[in-house]
> 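One structure, as structure tokens, below. Some questions next.
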Amino acid sequence: MNDSGNVVDHRRLGRELDLFDTDPLIGAGLPYWLPDGAAVRAALEEYVREAERRAGYRHVYSPVLGKRELYEISGHWSHYGDDMFPPMEVGGEQFVLRPSLCPHHALIFRSRARSHRELPLRMAELGGMYRSELSGVLGGLTRVRAIQLNDAHVFCTLDQVAEEAAGALELIRRAYEAMGIEPARYRLSLPGPGGKYVAAPEKWERSTALLREVLDASGLDYEEAEGEAAFYGPKIDVQVADPAGRESTLSTVQVDFHQPERFDLRYIGPDGARHRPVMVHRSVVGSVERAVAHLVEHHAGAFPAWLAPVQLAVLPVSDEAAPAADRLAGRCAERGLRAEVSGPGRGTLGARIRASRLVPYQAVIGPKEAAADEVSLRLRDGRRLPPMPAAELLDRVGAVVAARSTGLWD
Ligand SMILES: [Zn+2]
């Protein structure tokens with residue numbers, strides 16, 4: 001809720017804060033990102049890539065299209081076809097926009113002979129995928145037709161599955177801490193009645209038992225829900241709630257015996273024989289669209305400093321202090337900090353401070369500060385600090401941002 005008691009809607013805030021928008025000529029459910037929104041998204045993507053690199057993932061890129069046969073093999077064509085865009089005919093072949101990244105990653109795994117020494121092989125990609133939503137919600141990021149997914153597939157032995165799934169849950173826990181959000185609940189999503197699931201009862205039992213074991217060992221509270229599984233296997237869903245209490249799935253961890261078999265994936269074991277790996281599918285922040293929508297609503301635009309589109313507002317009191325303000329903004333840019341100068345041309349100092357109320361740091365520079373290479377700092381939470389050297393400000397803010405801390409100043 002915001003001050004006026006209205007539920008914060010990311011679509012309204014996204015427009016007010018110039019984060020993203022849509023155009024009927026591009027189409028509903030196909031938002032574009034404006035510079036401030038792109039800054040938030042890029043910061044989030046870089047966080048995820050860095051966290052994944054540290055956790056032993058290696059990144060790949062793969063095309064957003066594939067031949068129809070690829071998805072027939074993966075099972076998407078028969079189990080997920082209603083959500084896919086129709087095929088495009090090119091030179092006698094049919095191509096489709098991919099509904100998920102898994103089939104491409106399975107082929108990348110299969111492209112080389114694999115030894116047990118390479119396992120667990122953790123393959124990550126922040127990649128595009130598409131869903132033929134019949135009605136994209138205009139102006140929103142939560143129901144989109146073009147999705148950028150933070151995805152990864154861990155190819156591993158059966159014995160390694162529990163540890164890999166637990167490692168993924170730990171990545172999720174840390175990411176939520178950095179983003180300043182909390183899961184509404186953990187859900188073990190199981191198949192339900194109806195024909196959309198691949199039939200292999202024994203595999204479903206094994207993968208469900210593995211995920212239950214991981215959840216029980218983690219000490220996390222969770223609920224089981226029928227009818228929420230992926231078509232190829234059960235999953236752990238990390239649910240978040242919007243300010244109105246509506247839940248959606250942000251992060252997932254899934255165990256899959258189905259696609260390794262469909263793609264005939266193999267590795268050479270210590271015994272010299274060929275064995276079938278298991279695929280653990282996992283997403284730490286889900287799609288960047290849904291993650292940013294949730295962050296916008298949760299923080300009502302007041303993002304943690306590392307995610308803020310503008311991290312530092314530089315406010316010269318008068319035109320006299322403008323050159324010092326420009327110099328400070330330049331030093332911020334050199335250190336990779338996002339600063340914006342808001343000079344007297346934009347109104348009184350009070351008005352400019354109010355206009356920057358969502359910016360974590362506001363550096364006020366008067367003639368005295370300009371002469372001494374100092375700034376008077378105001379924090380978004382209302383704190384006002386005595387004048388400090390500009391170099392100290394850069395070090396302190398740089399450290400908070402680098403640590404992806406949700407605090408502003410100690
Ligand atoms: Zn997958």
Side-chain angles (χ1 to χ4, degrees), residues 48-49 52 55-66 70-81 83-84 96-111 114 119-131 146-156 158 160-161 164-165 167-169 171-172 187-191 196-198 200 203-204 207-208 210-211 214 228-238 249-265 276-291:
V48 167
R49 287 205 178 93
E52 286 173 340
Y57 289 80
R58 301 204 61 204
H59 293 94
V60 297
Y61 293 103
S62 56
V64 298
L65 288 165
L70 175 59
Y71 308 100
E72 286 174 349
I73 293 171
S74 70
H76 286 88
W77 192 259
S78 52
H79 295 278
Y80 197 76
D83 292 303
M84 291 169 65
V96 288
L97 286 166
R98 68 177 170 190
S100 85
L101 282 63
C102 337
H104 286 84
H105 289 191
L107 293 183
I108 294 173
F109 180 88
R110 197 173 78 173
S111 67
R114 303 293 181 182
L119 308 188
L121 190 152
R122 306 182 185 97
M123 191 185 294
E125 180 173 3
L126 256 157
M129 54 177 260
Y130 298 84
R131 185 172 297 160
I147 297 160
Q148 196 73 12
L149 188 69
N150 155 232
D151 203 7
H153 298 93
V154 182
F155 300 87
C156 61
L158 189 57
Q160 293 167 335
V161 169
E164 290 305 310
L169 283 178
L171 274 178
I172 292 167
R187 183 176 80 185
L188 178 57
S189 296
L190 305 170
K196 70 170 180 160
Y197 305 100
V198 297
K203 290 197 180 90
W204 282 92
S207 41
T208 303
L210 274 164
L211 288 179
V214 168
E228 300 288 349
F231 74 80
Y232 48 78
K235 57 193 177 117
I236 297 170
D237 287 326
V238 186
T249 301
L250 206 57
S251 321
T252 64
V253 181
Q254 314 172 11
V255 175
D256 178 11
F257 293 103
H258 169 76
Q259 294 191 60
E261 189 175 296
R262 298 287 293 178
F263 285 101
D264 194 24
L265 304 185
R276 180 92 66 215
V278 184
M279 269 170 92
V280 176
H281 309 236
R282 55 105 279 216
S283 180
V284 177
V285 301
S287 77
V288 297
E289 288 81 11
R290 188 169 280 180

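Start at 1 and go down the list; that is how both ligands and their atoms are numbered.
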> In terms of side-chain geometry, is the basic nitrogen of E52 or R58 positioned less than 4.0 Å from the acidic oxygen of its partner?
no

> So, using salt bridge (charged side-chain N to carboxylate O under 4.0 Å, His left out) as the criterion, who are the partners of D237 when residues are at least two apart?
R187, K235

> Taking side chain to side chain contact (heavy atoms under 4.5 Å, CB included) as the definition, give me every residue that meets it alongside S287, ordered by chain and number, with sequence neighbours left out.
I147, L149, E289, R290

> Using the ring centroid of each side chain, check whether H76 and F231 are separated by less than 6.0 Å.
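Yes, ring centres under 6.0 Å apart.
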
> Okay, side chain of S251, backbone of V284: is any donor-acceptor separation there less than 3.5 Å?
yes

> What protein N/O/S atoms sit under 2.8 Å from the Zn ion (ligand 1), by chain and number?
C102 SG, H153 NE2, H281 ND1

> Tell me, please, which residues at least two apart from R110 pass salt bridge (charged side-chain N to carboxylate O under 4.0 Å, His left out).
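Not a single residue meets the salt bridge (charged side-chain N to carboxylate O under 4.0 Å, His left out) criterion with R110.
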
